[in-house]
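Scroll down for the structure; my scribbles are underneath it.
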Amino acid sequence: MNYSILANDTASKARCGILTTSHGEIQTPIFMPVGTIGTVKGVLHRDLEHDVKAQIILGNTYHLYLRPGTEIIRRAGGLHKFISWDKPILTDSGGYQVFSLTDIRKLTEAGCEFRSHIDGSKHLFTPENVVDIQRAIGADIIMALDECPPGTADYDYAKKSLQLTQRWLERGIRHFRTTEPYYGYEQVFFPIIQGCVYPDLRRAAAEHALSFDPEGIAIGGLAVGEPAEQMYEMLEVLQPVFPEGKPRYLMGVGTPVNILEAIARGVDMFDCVMPTRNGRNATIFTSEGIINLRNKKWADDFSPLDPHGASFVDSAYSKAYLRHLFVAGEMLGPQIASLHNLTFYLWLVEEARKHILQGDFLAWKNSMVKKLERRL
RNA sequence: GGGGAAAUACCAAAGUGGCCAACUGGGGCAGACUGUAAAUCUGCUGGCGUACGCCUUCGUAGGUUCGAAUCCUGCUUUCCCCA
């Protein structure tokens with residue numbers, strides 16, 4: 001894997017670059033649609049490639065391991081072949097499920113013991129076996145197993161949790177470096193920085209992770225209940241610790257505004273369920289602001305979904321029609337809204353890239369943030 | 001023509017003397033959603049008020065009772081059965 005910086009913004013910490021993986025190039029800053037179970041919910045690959053212009057998508061170790069199971073994916077020839085997607089894939093390690101499935105899991109030094117949310121069966125994830133599973137999945141970018149504490153965690157818990165994440169990282173990276181890819185192409189391994197909202201913990205976590213000279217570095221444990229200002233502050237704390245030549249991935253973030261603010265603070269990669277989940281639940285993000293399509297006020301608004309939108313659905317369908325689809329419970333509604341939102345997110349990071357290259361990113365970002373926060 | 005049953009909020013449907021402004025569904029309105037246990041979840045849904053509360057409601061007009069959606073009588077409407 002190779003990462004080269006094309007431009008640095010002078011007025012902010014934003015940068016733009018090109019990340020080269022085994023399955024092609026990724027232009028950063030980039031948003032990566034989430035495809036947890038081997039599908040970006042409700043969106044066909046054809047549309048994901050040509051309309052959304054997605055350059056890389058996510059899969060999830062926990063979900064794919066439970067269903068269809070590692071063996072099926074191996075026999076399919078890897079996740080790319082199984083789901084028919086030949087661009088890059090990043091898999092999360094299952095660390096986030098340590099957080100979101102908190103009542104059906106148990107943390108130990110060895111790893112994380114889970115109960116399957118599907119059938120209740122017991123499973124153990126270790127820093128080593130999640131590498132094996134992700135090797136079998138064939139992800140271009142593999143994530144370390146971590147503990148993602150809630151945003152409300154106190155200092156003592158945050159510190160203990162970080163120490164566990166660090167010990168897991170050492171084991172994970174050792175295992176990664178002593179195993180081979182399954183399918184012949186290169187895979188890379190990203191450590192995850194924890195430390196909640198405590199600057200000294202974050203700094204120490206970054207230094208520790210960077211001591212292994214990884215290909216890229218992920219920031220986890222943000223946007224998990226703490227105020228957005230604290231998240232931005234953590235990015236500011238981390239920014240000077242990061243070397244220029246490694247991509248920085250802010251996990252699970254976020255709103256369009258969060259993404260622009262994080263780009264301004266030096267982040268290169270993002271993923272979030274928000275465009276697809278909120279889309280399925282009738283919220284769309286547009287260049288004019290946020291629209292809840294279920295609201296009555298759209299019932300007779302026959303204007304295009306998003307007059308400046310980059311997706312064909314933006315001009316092909318009206319707000320009134322999409323509202324009708326949601327109210328009627330028709331599945332085309334969630335599909336159109338997901339497609340719109342993903343296209344919007346990818347358009348947003350593409351615009352950010354352009355403005356970084358042009359050298360007017362900060363001014364553009366500040367004017368966008370105001371529009372994006374509006375609720376229509 | 002005779003006999004029987006029923007009328008409850010936007011719809012359906014509980015409730016059959018005080019715990020009823022009225023269960024529950026649906027519909028409607030609004031909100032939430034950040035490395036996806038989510039095409040899910042939450043709230044409101046007679047009026048006024050932030051709230052304690054006050055006012056008007058259970059086909060309609062009366063009556064009984066301290067108190068009625070609930071009991072009685074007339075009327076209206078609907079449904080069923082027999083001629």
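Chain A is the first sequence line, chain B the second, and so forth, proteins listed ahead of strands; every chain is numbered from 1. Keep in mind it's a predicted model, so treat the numbers as computed, not measured.
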Quiz prompt | Partner nucleotide of U77(B) by Watson-Crick or wobble geometry (both distances under 3.5 Å) | solution = A6(B)
Quiz item: How many Å lie between CG on Asn278(A) and P on U34(B), as a whole number?
Solution: 8 Å
Quiz item: With both distances kept under 3.5 Å, what pairs with C58(B), Watson-Crick or G-U wobble?
Solution: none
Quiz item: Could you state the NZ-C1' distance from Lys296(A) to U45(B), rounded to the nearest angstrom?
Solution: 13 Å
Quiz item: Whole-Å distance between A32(B) P and Ile284(A) CD1?
Solution: 15 Å
Self-check item: Under-4.0 Å salt bridge between Glu170(A) and Arg167(A)
Solution: no
Self-check item: Carboxylate-amine/guanidinium proximity below 4.0 Å for Asp9(A) and Arg15(A)
Solution: no
Quiz item: Do any side-chain nitrogens or oxygens of Arg375(A) fall under 4.0 Å of OP1 or OP2 in A30(B)?
Solution: no
Would you list the protein and nucleotides 36-41 of chain B atom pairs, both N or O, that sit under 3.5 Å from each other?
residue : atom : partner   : partner atom : Å
U36(B)  : OP1  : Asn60(A)  : ND2          : 2.9
U36(B)  : OP1  : Asp92(A)  : OD2          : 3.4
U36(B)  : OP2  : Thr36(A)  : OG1          : 3.3
U36(B)  : O4'  : Arg277(A) : NH2          : 3.1
U36(B)  : O3'  : His63(A)  : NE2          : 3.2
U36(B)  : O3'  : Gln97(A)  : NE2          : 3.2
U36(B)  : O2   : Arg277(A) : NE           : 3.4
U36(B)  : O2   : Arg277(A) : NH2          : 3.2
U36(B)  : O2   : Arg280(A) : NH2          : 3.3
U36(B)  : N3   : Arg280(A) : NH2          : 3.2
U36(B)  : O4   : Thr276(A) : OG1          : 2.5
A37(B)  : OP2  : Ser100(A) : OG           : 2.5
A37(B)  : O5'  : His63(A)  : NE2          : 3.1
A38(B)  : O2'  : Arg280(A) : NH2          : 3.2
A38(B)  : N7   : Arg277(A) : NH1          : 3.3
A38(B)  : N7   : Arg277(A) : NH2          : 2.8
A39(B)  : OP2  : Arg280(A) : NE           : 2.7
A39(B)  : OP2  : Arg280(A) : NH2          : 3.2
U40(B)  : N3   : Asn281(A) : OD1          : 3.4
U40(B)  : O4   : Asn281(A) : OD1          : 3.1
U40(B)  : O4   : Arg294(A) : NH2          : 3.2

Practice problem: Please confirm whether the backbone N or O of Leu48(A) pairs with a side-chain atom of Lys53(A), one donor and one acceptor, at under 3.5 Å? | Solution: no
Exercise. Scan residues 229-252 of chain A against RNA chain B and write down, sorted by residue number, each residue with any heavy atom closer than 4.0 Å; if none is found, say none.
Key: Met251(A), Gly252(A)
Quiz item: So what does Glu330(A) hit on the nucleic acid, given a heavy-atom distance under 4.0 Å: a base, only sugar-phosphate, or nothing?
Solution: nothing
Exercise. Measure from CE on Met274(A) to C1' on A32(B) and round the result to the nearest Å.
Key: 10 Å
Quiz item: Rounded to the nearest Å, what distance is computed from the CG atom of residue Asn258(A) to the P atom of nucleotide G35(B)?
Solution: 11 Å
Exercise. Please report, rounded to the nearest Å, how far the C1' atom of A30(B) is from the CZ atom of Arg323(A).
Key: 12 Å
Quiz item: According to a 4.5 Å side-chain heavy-atom criterion applied to Ile, Leu, Val, Met, Phe, Trp and Tyr, with indirect links allowed, do Val34(A) and Phe270(A) form part of one hydrophobic cluster?
Solution: yes
Quiz prompt | Electrostatic pair Glu261(A):Lys365(A) at N-O distance under 4.0 angstrom | solution = yes
Quiz item: Quick one: Trp298(A) CH2 to A30(B) P, roughly how many Å, whole number?
Solution: 11 Å
Quiz item: Judged by atom type as modelled, is there a donor-acceptor pair below 3.5 Å linking the side chain of His50(A) to the main-chain atoms of Arg46(A)?
Solution: yes
Quiz item: Does C29(B) have OP1 or OP2 sitting under 4.0 Å from an N or O in the side chain of Asn295(A)?
Solution: no
Exercise. Identify the nucleotide, in any strand shown, that forms a Watson-Crick or G-U wobble pair with G35(B), with both distances under 3.5 Å; if there is none, say none.
Key: none
Quiz item: Taking CG from Leu293(A) and C1' from A32(B), how many angstroms apart are they, rounded to a whole number?
Solution: 16 Å
Quiz item: Which heavy atom in Gly42(A) sits nearest to a heavy atom in Gln335(A), and how many Å separate them?
Solution: O-CG, 3.5 Å
Quiz item: Watson-Crick or G-U wobble partner for C20(B), using a 3.5 Å limit on both distances?
Solution: none
Self-check item: Donor + acceptor pair across side chains of Ser161(A), Glu147(A) (<3.5 Å)
Solution: yes
Quiz item: For His23(A) and Asp86(A), does a side-chain donor sit closer than 3.5 Å to a side-chain acceptor?
Solution: no
Practice problem: For U34(B) and G26(B), measure between their C1' atoms and round to the nearest Å. | Solution: 33 Å
